[in-house]
Amino acid sequence: MSKKYWLMKSEPTVFSFDNLMAKPDATDHWEGVRNYQAHNYMREMQKDDLVLFYHSNCEIPGIVGIAKVIREAYPDHTSWDASSRYYDPKSSLQNPRWFMVDVQSKKKFRHIISLKELRKVPELQEMNLLRKGQRLSVMPVMQKDFEKIVKLAEATYSRS
DNA sequence: GCCAACGTTGGC
DNA sequence: GCCAACGTTGGC
């Protein structure tokens, strides 16, 4: 099966791209997805799929870098941890209700590709991310859009 | 802090 | 199964 592309949102005050880079092996599990549609997308992820890392609910929302899926979906242990903010009493070790993947940071953009900037790119206007009212924290990205965003990031490098 | 646009819950 | 009330997301 061919590689797929995704976008995952995180609030940088909770977990930022820098936090991911600082982890051992620049790798961490992606805990806390508690929306079924986002969760279903996450379960479709395959090893080596690439992920746009998006910072949400912050001063400058936008894409900050690229990560890679290094472990496919497995039970999210925070869902049965009563002390976790992601605790779900309907989930248990025996019958897990939520899953997570492991991701590794791959490349940090020198500058954030802000939501504002994305909205100015004609080719990207069909992205799920830019659709009104869509709030999924995990969503698929078309290959052409992924490549366009990487190009934007590279153009930013050469300009500076 | 506001509020639009969702998703979820629970009474009926 | 309907739907009002409530909670959450996330840009602004």
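Note on naming: letters A, B, ... go to the chains in the order of the sequence lines (proteins, then strands), and numbering restarts at 1 for each one.
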Quiz item: Under the ring-ring contact (aromatic ring centres under 6.0 Å, His included) test, which residues partner A/Y54, sequence neighbours left out?
Solution: none
Quiz item: Residues from residues 125-140 of chain A sitting under 4.0 Å of DNA chain C, heavy atoms only?
Solution: A/R135, A/L136
Practice problem: Tell me which residues in residues 49-59 of chain A put a heavy atom below 4.0 Å from DNA chain C, sorted by number, or none. | Solution: A/Y54, A/S56, A/N57
Results of side chain to side chain contact (heavy atoms under 4.5 Å, CB included) for [X] - residues two or more places apart only:
{"X": "A/K90", "answer": "A/D88, A/R97"}
{"X": "A/V121", "answer": "A/E123, A/L124, A/K148, A/L152"}
{"X": "A/K23", "answer": "A/F15, A/D28"}

Quiz item: Which of residues 5-15 of chain A sit near DNA chain B, with a heavy atom under 4.0 Å from it?
Solution: none
Quiz item: Does A/W98 sit in a hydrophobic cluster with other residues, and if so which ones, taking ILVMFWY side chains as linked at heavy-atom separations under 4.5 Å, directly or through other members?
Solution: A/Y36
Quiz item: In the hydrophobic clustering that connects Ile, Leu, Val, Met, Phe, Trp and Tyr at side-chain heavy-atom distances below 4.5 Å, which members other than A/W80 occupy its cluster, ordered by chain and number?
Solution: A/L93
Solution key, residues 63-75 of chain A side-chain donor-acceptor pairs under 3.5 Å, sequence neighbours excluded:
residue: A/E72; atom: OE2; partner: A/K47; partner atom: N; Å: 2.7
residue: A/Y74; atom: OH; partner: A/D102; partner atom: OD1; Å: 2.4
residue: A/Y74; atom: OH; partner: A/D102; partner atom: OD2; Å: 3.4

Taking [X] for the side chain and [Y] for the main chain, is one N or O donor matched with an acceptor at less than 3.5 Å?
{"X": "A/D25", "Y": "A/T27", "result": "no"}
{"X": "A/N19", "Y": "A/S16", "result": "yes"}
{"X": "A/D49", "Y": "A/K4", "result": "yes"}

Self-check item: Straight-line distance of A/E11 CD to A/S56 OG, nearest 0.5 Å
Solution: 5.0 Å
Exercise. Would you please name every residue forming a salt bridge (charged side-chain N to carboxylate O under 4.0 Å, His left out) with A/E147, sequence neighbours left out?
Key: none
Quiz item: Nucleotide range of DNA chain B contacted by chain A, 5' to 3', under 4.0 Å to a heavy atom?
Solution: B/dA5 to B/dT9
